[in-house]
Amino acid sequence: MLSTVIRTATQSLRQARTRTYTAATRAQASAPSSKLDEGEQAIRDKLSEHFQPSELLVQDVSGGCGTFYAITIASAAFKGIPVVKQHRLVNEVLKKEIEGIHGLQVHTV
C-alpha cells in the first residue's frame, strides 16, 4: 500500500517536472548564444563543454546584475542518475562561478 502511494507520488512529480519544460523554453534553449551576457555565456560554455547537452538554457534572472541564474539543461549524461546527483554534478562543474553569485536554480531534464 505505502509503496503504491510512493510510486504514484513519484510519477506525479516527474510529470509535473516535465510539464514545466515547455515549447517556449525549448525555443529559448536553441536561441543563439550571442544574446547572452558575459556571466550567462561563461556558464553556458562550461556546461556545454562538460555535459554536451541536447538543450541548454542559461538566464540571468537577477535583473541583469549577474547574482542569480536559472539553468535548464538536458543531457544524456544524466540518464539513470537521481535528480539530486544531477544537480550536484552541475554545481561541481560551476563551483568557481557559484562562489561569485547569490543564487542558482537548476532544472535538469
Side-chain angles (χ1 to χ4, degrees):
M1 175 76 170
L2 181 59
S3 63
T4 304
V5 171
I6 291 171
R7 190 176 321 115
T8 303
T10 302
Q11 289 171 345
S12 295
L13 287 172
R14 283 187 186 139
Q15 289 171 350
R17 192 178 96 190
T18 302
R19 282 193 298 267
T20 62
Y21 196 66
T22 65
T25 304
R26 289 177 195 265
Q28 290 174 345
S30 61
S33 60
S34 62
K35 295 180 181 180
L36 301 177
D37 67 27
E38 186 178 319
E40 291 169 330
Q41 188 64 51
I43 290 170
R44 182 181 180 91
D45 290 347
K46 271 201 156 178
L47 293 174
S48 293
E49 180 182 324
H50 191 80
F51 295 109
Q52 295 84 39
S54 56
E55 298 181 46
L56 177 59
L57 175 63
V58 179
Q59 293 179 301
D60 178 351
V61 292
S62 63
C65 66
T67 58
F68 195 103
Y69 292 92
I71 298 169
T72 301
I73 182 170
S75 174
F78 300 139
K79 186 175 182 177
I81 299 175
V83 174
V84 172
K85 181 150 182 172
Q86 293 173 15
H87 290 200
R88 286 182 185 151
L89 291 170
V90 171
N91 288 344
E92 184 62 32
V93 169
L94 298 177
K95 191 173 188 174
K96 185 174 181 175
E97 287 73 14
I98 290 172
E99 291 175 5
I101 63 175
H102 295 288
L104 183 66
Q105 175 187 1
V106 177
H107 180 237
T108 54
V109 181

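Below, all heavy atoms of this structure are taken into account, side chains as well, without hydrogens, waters or symmetry copies.
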Q: Please tell me if the side chains of I81 and T108 come closer than 4.5 Å, counting only heavy atoms from C-beta onward.
A: no
Q) For the atom pair CD (E92) and NZ (K85), what is the distance rounded to the nearest 0.5 Å? A) 11.0 Å
Q. Any sub-3.5 Å donor-acceptor pair from E40's side-chain atoms to D60's backbone N or O?
A. yes
**Q.** E55 (side chain) donor-acceptor with A74 (main chain) under 3.5 angstrom
**A.** no
Q.
Could you report the tightest heavy-atom contact between H50 and V93, atom names first, then the distance?
A. CD2-CG2, 3.3 Å
Q | Results of ring-ring contact (aromatic ring centres under 6.0 Å, His included) for Y69 - residues two or more places apart only | A | none
Q.
I need the I73 CD1 to S48 OG distance, nearest 0.5 Å.
A. 7.0 Å
Q. Rounded to the nearest 0.5 Å, how far apart are CD of Q86 and NZ of K79?
A. 12.5 Å
Q | Donor-acceptor pair, side chain of R44 and main chain of V58, under 3.5 angstrom | A | no
Q | L47 side chain near P53 side chain, heavy-atom distance below 4.5 Å | A | no
Q.
Any side-chain to backbone donor/acceptor pair from S75 onto F51? Under 3.5 Å, distance only.
A. yes
Q) Do F68 and L36 share a hydrophobic cluster (ILVMFWY, side-chain heavy atoms under 4.5 Å, transitive)? A) no
(Q) Contact between L94 and I71 at the side-chain level, heavy atoms closer than 4.5 Å - yes or no? (A) yes
